[in-house]
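The first residue of the sequence shown is numbered 1, and numbering continues consecutively from there. The shown structure was predicted, so the numbers you read here are calculated from the model rather than taken from an experiment.
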Amino acid sequence: MSHGAPSHGSHETHRAPYVAVVGPETATPSEVETAQRLGRLLAEQHCIVICGGLGGVMEAVCRGAQSEGGTTVGLLPGSSRAQGNAFLSVALPTGLGELRNGLVVRSADAVIVVGGSWGTLSEMALAVRTNKPTIVISGWEVRAPDKSNNPELRMATSVEDAVDMMLSMIARKAVTDDAI
């Protein structure tokens, strides 16, 4: 199975899902373990992992994905590839600092949240705002001021539950988008 967009001239319509995994650079041991398991499972599902490219949750998800032969992309805050973690397939220095959070979200088909920091919260908000399927494994629990639930924001009970939800939400969104 090819990762990414089909080659020119190809009639292949399926491409690997791009999944942003967001979480704190200063992660707890539990968040690191969860992110690493998530990375392995995403790679097994042929997903391309996108993250902020640094340590903590970002490094752990990349380590897990790489252990299963997955592709990992880090959108780095600074201007040097050297600041990226050792488990990135592709390190892209943006020079944008925290503003890169918008690029992480916009480049993904779905967002999975592991843990919580203020940067993670900004990525969650951008994902919901742009109607990206967003699944929280652990961390922030956010509700709109009017107490309504957003259909694009779901809470998962496990890594497996999060990946199943994400794949289902992406498939449902693709059908809806194709119908328009």
Side-chain angles (χ1 to χ4, degrees), residues 1-5 12-75 84-92 101 103-117 119-121 123-124 126-128 130-142 151-175:
M1 174 178 188
S2 74
H3 291 306
E12 179 184 0
T13 58
H14 176 75
R15 68 170 178 82
Y18 284 56
V19 181
V21 177
V22 300
E25 184 173 12
T26 305
T28 67
S30 174
E31 291 166 346
V32 167
E33 180 183 326
T34 297
Q36 192 165 336
R37 281 189 9 246
L38 177 60
R40 284 193 300 267
L41 191 53
L42 290 172
E44 289 171 5
Q45 295 297 317
H46 307 288
C47 297
I48 295 172
V49 173
I50 301 168
C51 69
L54 300 178
V57 164
M58 298 168 278
E59 182 173 352
V61 73
C62 291
R63 184 183 320 117
Q66 288 261 317
S67 74
E68 296 296 324
T71 300
T72 59
V73 178
L75 298 170
N85 72 63
F87 303 97
L88 291 171
S89 306
V90 179
L92 299 172
N101 292 357
L103 296 176
V104 170
V105 170
R106 280 297 194 163
S107 62
D109 299 311
V111 176
I112 299 179
V113 180
V114 178
S117 67
T120 305
L121 181 59
E123 289 163 316
M124 275 181 64
L126 289 168
V128 171
T130 57
N131 296 315
K132 299 281 180 171
T134 306
I135 299 95
V136 178
I137 298 175
S138 65
W140 293 99
E141 294 183 33
V142 179
E152 298 299 327
L153 180 61
R154 303 280 175 81
M155 302 301 290
T157 57
S158 68
V159 170
E160 294 77 14
D161 185 36
V163 172
D164 288 346
M165 269 192 231
M166 179 269 305
L167 291 171
S168 174
M169 291 170 82
I170 286 175
R172 194 168 40 253
K173 194 166 185 62
V175 168

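- Within the model, atoms CD1 of I170 and NZ of K132 stand 9.5 Å from one another, a figure rounded to the nearest 0.5 Å.
- With rounding to the nearest 0.5 Å, the separation of CD1 in I137 from CG in L38 is 4.5 Å.
- Listed here is the closest heavy atom pair of C47 and L167: SG-CD2, 4.4 Å.
- Among residue pairs with one or both ends in residues 107-116, those qualifying as side chain to side chain donor-acceptor pair (under 3.5 Å) are R15-D109; sequence neighbours excluded.
- With respect to E123, the side-chain contact (heavy atoms from CB on, under 4.5 Å) criterion is satisfied by exactly one of V22, V128, V111: V22.
- Partners of T28 under the side-chain contact (heavy atoms from CB on, under 4.5 Å) rule, at least two apart in sequence or in another chain, are S30, E31.
- The side chain to side chain donor-acceptor pair (under 3.5 Å) test applied to T120 returns S117, not counting sequence neighbours.
- Here the closest non-hydrogen pair linking A43 and A65 is CB-O, 3.5 Å.
- Scanning both residues, T134 and A127, for their nearest heavy atoms gives OG1-CB, 3.2 Å.
- Remark: L42 CG to I48 CD1 distance equals 11.5 Å, nearest 0.5 Å.
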For this session: For the pair R106 and T130, evaluate side-chain contact (heavy atoms from CB on, under 4.5 Å) and give the outcome as yes or no after the intermediate values.
Result: CA-CA 8 Å; R106 280 297 194 163; T130 57; 3.5 Å; yes

With a 3.5 Å cut-off and sequence neighbours excluded, list the donor-acceptor pairs that the side chains of residues 84-91 form with protein atoms.
| unit_1 | atom_1 | unit_2 | atom_2 | d |
| --- | --- | --- | --- | --- |
| N85 | OD1 | F87 | N | 2.8 |
| N85 | OD1 | L88 | N | 3.4 |
| N85 | ND2 | G53 | O | 3.3 |
| N85 | ND2 | L54 | O | 2.9 |
| S89 | OG | Q66 | NE2 | 2.8 |
| S89 | OG | T72 | N | 3.1 |
| S89 | OG | T72 | OG1 | 3.4 |

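- For V32, the side-chain contact (heavy atoms from CB on, under 4.5 Å) partners are A27, A60, R63, not counting sequence neighbours.
- A108 meets the side-chain contact (heavy atoms from CB on, under 4.5 Å) test with A20, I50; sequence neighbours excluded.
- Taking CD from E68 and CD from Q45, the interatomic distance works out to 11.0 Å, rounded to the nearest 0.5 Å.
- With sequence neighbours left out, the side chain to side chain donor-acceptor pair (under 3.5 Å) criterion links S138 to no other residue.
- Evaluation of the salt bridge (Lys or Arg N to Asp or Glu O under 4.0 Å) rule for R40 yields no partner, not counting sequence neighbours.
- Residue pairs meeting the salt bridge (Lys or Arg N to Asp or Glu O under 4.0 Å) criterion with at least one partner in residues 41-52, sequence neighbours excluded, do not occur; the list is empty.
- Summarising the geometry, atom CG belonging to L121 is positioned 10.5 Å from atom CG belonging to N101; distances are rounded to the nearest 0.5 Å.
- Scored by the side-chain contact (heavy atoms from CB on, under 4.5 Å) test, S158 finds E160, D161 as partners (sequence neighbours excluded).
- Between atom CD of residue Q36 and atom CG of residue L41 there is a gap of 13.0 Å, rounded to the nearest 0.5 Å.
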